[in-house]
Amino acid sequence: MKILVINTGSSSIKYQLIDMESKEVLSKGLLERIGLPNPVLNHKLNDGKTHVIQARIEDHEEGMKLILDTLLDEKLGAIKSISDIDAVGHRVVHAGEKYASSVRITSDVINALEECSELAPLHNPPNLMGISAAQKLLPDVPHVAVFDTAFHQAMPPKAYLYAIPMSLYDKYGIRRYGFHGTSHRYVARRAGEMLGKHWQDLKIVTCHLGNGASMAAIDRGKSVDTSMGFTPLEGLYMGTRCGNIDPAIVIFLEEKENLTPQQVYDLLNKKSGMLGASGVSSDMRDIEDHSANGDKRARTSLEMYAYQIKRYIGSYVAAMNGIDVLVFTAGIGENSPLIRKMVCENMDYLGIEIDESKNEVRGKERVISPDSSEVKVMVIPTNEELVIAEDTEKIVKEGIDELPIV
Ligand code: ADP
């Protein structure tokens, strides 16, 4: 079975065509600048070569058509006929409280996702545009939605509710939803496989540290807590997002800096986090470089970053009454031995330690704790596209509408 995985943003479409028998990525790419001047498609075949294609692309439907035409192209393509695509898996950000697992897309699902758009105004509308375009061009195959929020629907009310008047939860659905669920689920399951254990027997803390970053407490297969909240702004501080701050700062800034709510929102989403704290960049590589060259603010921002991860580990160990595995994933988690070392320093009280030579790894699966360590610390590259393809395959093969909740 060949599955096309689609991740649509407001002006972009990311795709992978995966052969499920061999788990091989036959082709992948990214179309950017849809509806803007100079759209560009970077298309890769499994020989690793990238082909740059430029065309006028006014909307997502034209974008999807260009992607399908490229996949079918005699020279650049990966398939001979459109009927070689057996199903399409779509990444969708927000399913509110409606779905706790992946679903076959029907008109009811579309309606439910439209209702959730208010909770994710930047993400769900483009996701829906992607679904509509793909359904128009591939009308005869099943389409499946895999949600960022679904895995965290297992959280109990004590973890997901905010202590604000409950009428606001009832009226607007203000609660913690959590994101990156597909990634947390993948690395937790993979950790179990690598250790020769079932993940549903383990207490796992997962750290997804990319431009966006979040952590999850996964107690025997269920997400029981996560750091992102009502929106992705809560929790760890990230490339440009502030993470947890005292909410009174918002009002203070509005008054003192004479800012509108939208301006404060932009400041906290786009100018804060590593960019704001380091004054250097939102990119961890730049901050590590500056810190190594003696920039004190960059050094402090690294310390802040590692310290907040430590705090979350401590609270999640308390929440689960233990920890068997700590996983690092995503751009920083997979590639920064320095951050992993800073996080795991002075954690021996919790049984967490790393072996410095094993920690010298980038972008590869590895256990980085000493062999004798009871808590396994692991680096596991995430693979959200593979999870989307696997969920899609399961729903199609088993002829079901919704995956059972893990
Ligand atoms: P996104 O959330 O956009 O998918 P990624 O998972 O690609 O983000 O992570 C991007 C982050 O990973 C950036 O902060 C980048 O600096 C960091 N990163 C990538 N490679 C390295 C590296 N070798 N060392 C340190 N940080 C890295």
Side-chain angles (χ1 to χ4, degrees), residues 5-16 28-30 32 42 44 91 93 120 122-123 126-127 146 148 178-187 190 206-216 226-228 231-243 269-293 295 298-299 301-306 308-309 327-344 354 356 359-366 368 379-388:
V5 175
I6 299 283
N7 180 356
T8 316
S10 58
S11 64
S12 68
I13 305 175
K14 230 185 198 177
Y15 60 95
Q16 281 195 10
K28 64 177 176 181
L30 171 64
E32 288 177 290
N42 280 294
K44 254 191 197 169
R91 176 195 182 218
V93 168
L122 298 179
H123 293 104
N127 294 161
V146 179
D148 266 30
F179 300 89
H180 294 140
T182 314
S183 175
H184 290 293
R185 172 159 64 106
Y186 172 77
V187 295
R190 188 73 200 116
T206 47
C207 310
H208 176 109
L209 311 176
N211 260 324
S214 69
M215 291 176 57
T226 192
S227 59
M228 280 180 169
T231 74
L233 194 54
E234 190 186 344
L236 303 177
Y237 88 69
M238 317 180 199
T240 59
R241 293 187 191 126
C242 63
N269 261 295
K270 299 186 183 150
K271 297 180 191 151
S272 301
M274 294 199 265
L275 176 64
S278 70
V280 167
S281 162
S282 64
D283 193 299
M284 183 56 83
R285 284 165 290 203
D286 297 338
I287 301 173
E288 286 188 10
D289 286 350
H290 276 254
S291 169
N293 290 328
D295 180 333
R299 177 70 200 171
S301 73
L302 292 180
E303 286 168 1
M304 288 163 64
Y305 190 75
Q308 58 168 358
I309 297 170
V327 183
F328 288 97
T329 192
I332 299 167
E334 292 165 26
N335 294 298
S336 175
L338 177 65
I339 289 295
R340 294 192 299 253
K341 177 170 177 258
M342 290 172 73
V343 169
C344 295
I354 54 175
E356 290 215 9
N359 186 35
E360 283 307 314
V361 63
R362 292 176 202 272
K364 276 199 206 116
E365 289 185 343
R366 185 183 284 178
I368 58 168
V379 175
I380 305 181
T382 194
N383 195 342
E384 287 156 287
E385 288 79 10
L386 182 62
V387 180
I388 295 172

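As the structure lists them, so they are numbered: ligands from 1, and atoms in each ligand from 1.
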Legend entry - Test item: Leu236 and Leu209 side chains (from C-beta on) under 4.5 Å apart, heavy atoms: yes

Inset, instruction - Measure the shortest side-chain to side-chain distance between Arg362 and Val379 over non-hydrogen atoms and say whether it is less than 4.5 angstrom. - result: no

Looking only at distances, can you tell me whether any N or O atom of [X], backbone or side chain, sits closer than 3.5 Å to an N or O atom of ligand 1?
| X | result |
| --- | --- |
| Asp283 | yes |
| Asn211 | yes |
| Gly331 | yes |
| Met284 | yes |

Inset, instruction - Check each of Thr206, Thr382, Asn383 against Ser183 using the side-chain hydrogen bond (donor to acceptor under 3.5 Å, both in side chains) test, and report the only one that passes. - result: Thr382

Inset, instruction - For Arg362, counting its heavy atoms only, list the atoms of ligand 1 lying under 4.0 Å from any of them. - result: 23 (N), 24 (N)

Legend entry - Geometric class of the His208/His180 ring pair [parallel <30°, tilted 30-60°, perpendicular >60°]: parallel

Inset, instruction - Report the nearest protein non-hydrogen atom to atom 27 (C) of ligand 1: residue, atom name, distance rounded to 0.1 Å. - result: Arg285 CG, 3.7 Å

Legend entry - atom 24 (N) of ligand 1: the protein heavy-atom neighbour that sits closest, reported with distance to 0.1 Å: Asn335 O, 3.3 Å

Inset, instruction - Measure across Ser281 and Ile287 and return the closest heavy-atom pair with its distance rounded to 0.1 Å. - result: O-CD1, 3.4 Å

Legend entry - Nearest atoms (heavy-atom pairs only) where Gly210 meets Ala330: N-CB, 3.7 Å

Inset, instruction - Return yes when at least one protein heavy atom is under 4.0 Å from atom 3 (O) of ligand 1, and no when none is. - result: yes

Legend entry - Per atom 11 (C) of ligand 1, closest listed option by heavy atom (Thr329, Asp289, Ile332, Thr382): Ile332

Legend entry - Exceeds 12 heavy-atom contacts within 6.0 angstrom, atom CD of Glu356: no

Inset, instruction - Answer with yes or no whether Gly212 contacts ligand 1, where contact means a heavy atom under 4.0 Å from a ligand atom. - result: yes

